[in-house]
Number of protein chains: 2
Amino acid sequence: MDLRQLRYFAAVARERNFTRAAQILNIAQPPLSRQIQLLEEELGVALIIRSSRPIRLTDAGRLFYEQALQVLGRVDQMKDATRRVGANRNRLLSIGFVASTLYGGLPLLVRKLRQNAPELDIQLLEMLSIQQIPALKEGRIDIGFGRLLHNDPNVTSTVLREERLVTALPRDTALARETGPLTLADLTGQKLIVYPKEPRPSYADQVLALLQDRLVQPAEVLEVREIQTALGLVAAESGICIIPSSARQMRSDVEYRLIGDPEALSPVILNHRAGDNSRYLGLVRKLIGDMYAENPAWLEANNLPRRP
Amino acid sequence: MDLRQLRYFAAVARERNFTRAAQILNIAQPPLSRQIQLLEEELGVALIIRSSRPIRLTDAGRLFYEQALQVLGRVDQMKDATRRVGANRNRLLSIGFVASTLYGGLPLLVRKLRQNAPELDIQLLEMLSIQQIPALKEGRIDIGFGRLLHNDPNVTSTVLREERLVTALPRDTALARETGPLTLADLTGQKLIVYPKEPRPSYADQVLALLQDRLVQPAEVLEVREIQTALGLVAAESGICIIPSSARQMRSDVEYRLIGDPEALSPVILNHRAGDNSRYLGLVRKLIGDMYAENPAWLEANNLPRRP
DNA sequence: CATCAACTATACCTTTCAGGTATGGTTTCA
DNA sequence: TGAAACCATACCTGAAAGGTATAGTTGATG
């Protein structure tokens, strides 16, 4: 399979006609026919129903068509972005982040970065904590914001803050009617939703370890792929979920209650390559320090007293 | 450019060594070298710094590397999904939706669909109202949930409900301290954020027309790409935004106030191909009817009295 | 129902280009 | 400085993309 075949297929799918598609592609009809056949053979799936005029797509073909358009669009964007960075001599700063840090200061940091270094091309990539390590080592990202400590000597980690945890609860439930913080023990017998399901170890393991250390037994544990799914299930009254405090902002139709236990914390960790002394990393560190020095409301609400 | 070149580049970028990458790819080093050169020529950008051992990537090369991995991953998923639909004889139902319908019943509809038709492979595709029309006509999607009426005779639209609008306001502002509904006239002189910026016409034009009909003049109009961006800016106190009522759930760190003017409504529209009498469309209609007949809290809170 | 135009598949041929081997040039390290 | 490792260039081969010609299929029309 290659991009050429995707382009060919998209043209046929759009036109519903091999002959016209071939004209548009500026090739002859028989090689177009053969390329589509090769594609179908590789996939082992019929994409086109040829015993009708105009031809029709199978369900698999319809799915493939939409996906092919998306991939081709992605490739075009990729070319544009690469040319932009290369042609303008822009410097690239790639930032990996776990979804739950999106509401905990990251947007503000990016805005300040853009103000302080307008020549920077900033690429934001959502990825799990454990995925940031190889990405840093391979140079795919320059810094990562995660929540999991690791022991790779090639990657340096700085705990920026310890963020408090909250329980996300369906509305109109007994726990939701409590007004003060809950304890981990209060969660005994609840149906617990954890994320991310894989790869492991992940934030899910942090939550489960926290409960186990307190000998708290949930009624059931449901593992899901990502935090948005988890919160959606909470909203649908399918269970409760423990999330970092700042991630409350992600969803307004559930209740959130702080967890009062002192160990109910999740670190926000800055990862970068060991020995990296690039000036943009220095700038990032400075901007984070400035942000924390302002001690804004969002920082105070979600975290322990700031480390010196 | 083709996928082969992306795979080759990713191997070189990973290994930092043409010779080793060639071994891994099971080809000889010189053709690998040449393919990378062809890629660089096509892009017009140097991706690799060869005057160092190990070789290094340029910034453009680093960006390209990460993007290439993502595209290759997407292609693998696409193959898997296509094979799954084709091999299992699953039927495919593709649903296009605007982001703001995500909290207005769509997840529940999808869940009910899955229960009622387990043989269905459901593809959810976020796309703007105006993009749903060609997607329906081309068979890329089967149904669409949008908010814009159109006049294409090949696409049938059904207004499911008229959803009330709310103003999203930064916290601790004068308007946010009002407790009852606002009027459109109350928004005079505010800095207004509208979305989506393009393509037009869009929901942004609906909002602007509403204000103009009431001769309401915002201080400024800021156009952004999508609702999440808009709400983020509201949270950052950069302005206010008019959104459909159910989309309140998307963000909890801003205030929302209903707009009391009777014309402050946004239709939720079901689009499908004219004459489409497939049984899944019938099932969707039935399930929607059932959902509305239950008159759940979310429906009552956000909408006008249900149509018969 | 038969015919015909439009369209897709198959057969065979030509051209292009991907990949191979051999060798030259460059970088790094002892 | 020399040698090893590694990347680039040159030239060759064969695989595959694309071409023309023709056979087979569908659907509309009389």
Side-chain angles (χ1 to χ4, degrees), chain A residues 1-58 60-62 64-65 68 72 75 86 138-139 275, chain B residues 1-58 60-62 64-65 68 72 75 86 138-139 275:
Chain A
M1 180 184 290
D2 60 49
L3 295 174
R4 201 179 80 259
Q5 284 176 331
L6 297 193
R7 280 195 293 270
Y8 286 178
F9 181 77
V12 173
R14 172 118 190 227
E15 299 296 325
R16 301 292 173 88
N17 182 309
F18 278 82
T19 310
R20 210 156 54 233
Q23 280 163 11
I24 286 164
L25 294 164
N26 287 308
I27 65 170
Q29 173 262 319
L32 176 61
S33 185
R34 195 169 321 110
Q35 289 298 323
I36 304 296
Q37 284 172 357
L38 290 175
L39 182 58
E40 285 175 312
E41 277 165 31
E42 177 179 340
L43 291 168
V45 178
L47 300 175
I48 291 178
I49 299 164
R50 293 167 174 80
S51 55
S52 91
R53 303 287 163 81
I55 56 165
R56 286 184 289 129
L57 299 185
T58 63
R62 291 196 300 124
F64 194 81
Y65 179 33
L72 291 170
V75 168
E138 287 170 35
Chain B
M1 179 182 291
D2 61 47
L3 295 174
R4 202 178 79 261
Q5 283 175 332
L6 297 192
R7 279 194 294 272
Y8 286 178
F9 181 78
V12 172
R14 173 112 191 236
E15 298 297 325
R16 301 293 174 89
N17 182 308
F18 278 81
T19 310
R20 209 155 54 233
Q23 280 164 13
I24 285 164
L25 294 163
N26 287 309
I27 65 168
Q29 175 263 319
L32 177 61
S33 185
R34 192 168 324 111
Q35 289 298 322
I36 305 296
Q37 285 172 354
L38 290 175
L39 184 57
E40 284 175 311
E41 278 165 28
E42 177 179 341
L43 290 169
V45 178
L47 301 175
I48 293 179
I49 299 165
R50 293 167 174 80
S51 54
S52 91
R53 303 287 163 80
I55 56 164
R56 286 184 289 130
L57 299 184
T58 63
R62 290 196 303 124
F64 193 81
Y65 178 33
L72 291 170
V75 167
E138 286 170 35

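Order of the sequence lines fixes the chain letters, A, B, ..., with proteins taken first and strands second; residue numbering starts at 1 for each chain.
B:T19 comes within 4.0 angstrom of the backbone, heavy atoms only, and of no base.
For the pair A:I36 CD1 and D:dA17 C1', the computed distance is 14 Å after rounding to whole Å. To the nearest angstrom, P of C:dG20 lies 11 Å from CD of B:Q35. The CG atom of A:L38 sits 13 Å away from the C1' atom of D:dA15 (whole-angstrom rounding). Between the P atom of D:dC7 and the CD atom of B:Q37 lies a distance of 12 Å, rounded to the nearest Å. Residue A:Q23 contributes atom CD, which lies 12 Å from atom P of D:dG19 at whole-angstrom precision. Rounded to whole Å, atom C1' of D:dA16 lies 9 Å from atom CZ of A:R4. Straight-line distance from the CG atom of A:L32 to the C1' atom of D:dA17: 12 Å, rounded to whole Å. Computed from coordinates, the B:I27 CD1 to D:dG14 P distance equals 19 Å when rounded to whole Å.
Between B:N17 and the phosphate of D:dA5, there is no side-chain N or O to OP1/OP2 separation shorter than 4.0 Å.
For the atom pair CD (B:E40) and CZ (B:F9), the distance works out to 7.5 Å, reported to the nearest 0.5 Å. B:L43 CG to B:F64 CZ: the interatomic distance, rounded to the nearest 0.5 Å, is 5.0 Å.
With B:Y8 as reference, B:L32 is the one residue of B:L3, B:D2, B:L32 to meet the side chain to side chain contact (heavy atoms under 4.5 Å, CB included) rule.
With contacts defined as side-chain heavy-atom distances shorter than 4.5 Å, the pair B:Y65/B:R14 qualifies. Between A:V12 and A:I55, some side-chain heavy-atom pair lies under the 4.5 Å cut-off. The shortest distance between side-chain heavy atoms of A:L57 and A:L47 does not fall below 4.5 Å. Between B:R4 and B:I27 the shortest side-chain heavy-atom distance does not fall below 4.5 Å.
A donor-acceptor pair is defined here as one N or O able to donate and one able to accept, closer than 3.5 Å; such a pair exists between the side chain of B:R62 and the backbone of A:G139. No donor-acceptor pair closer than 3.5 Å links the side chain of B:E15 to the backbone N or O of B:R20.
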Show me the protein contacts with nucleotides 20-26 of chain D, counting only N or O atoms at under 3.5 Å.
unit_1	atom_1	unit_2	atom_2	d
D:dT25	O2	A:R53	NH2	3.3

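Axis angle between the ends of the helix from C:dC1-D:dG30 to C:dA30-D:dT1, five pairs each and rounded to 10 degrees, works out to 30°.
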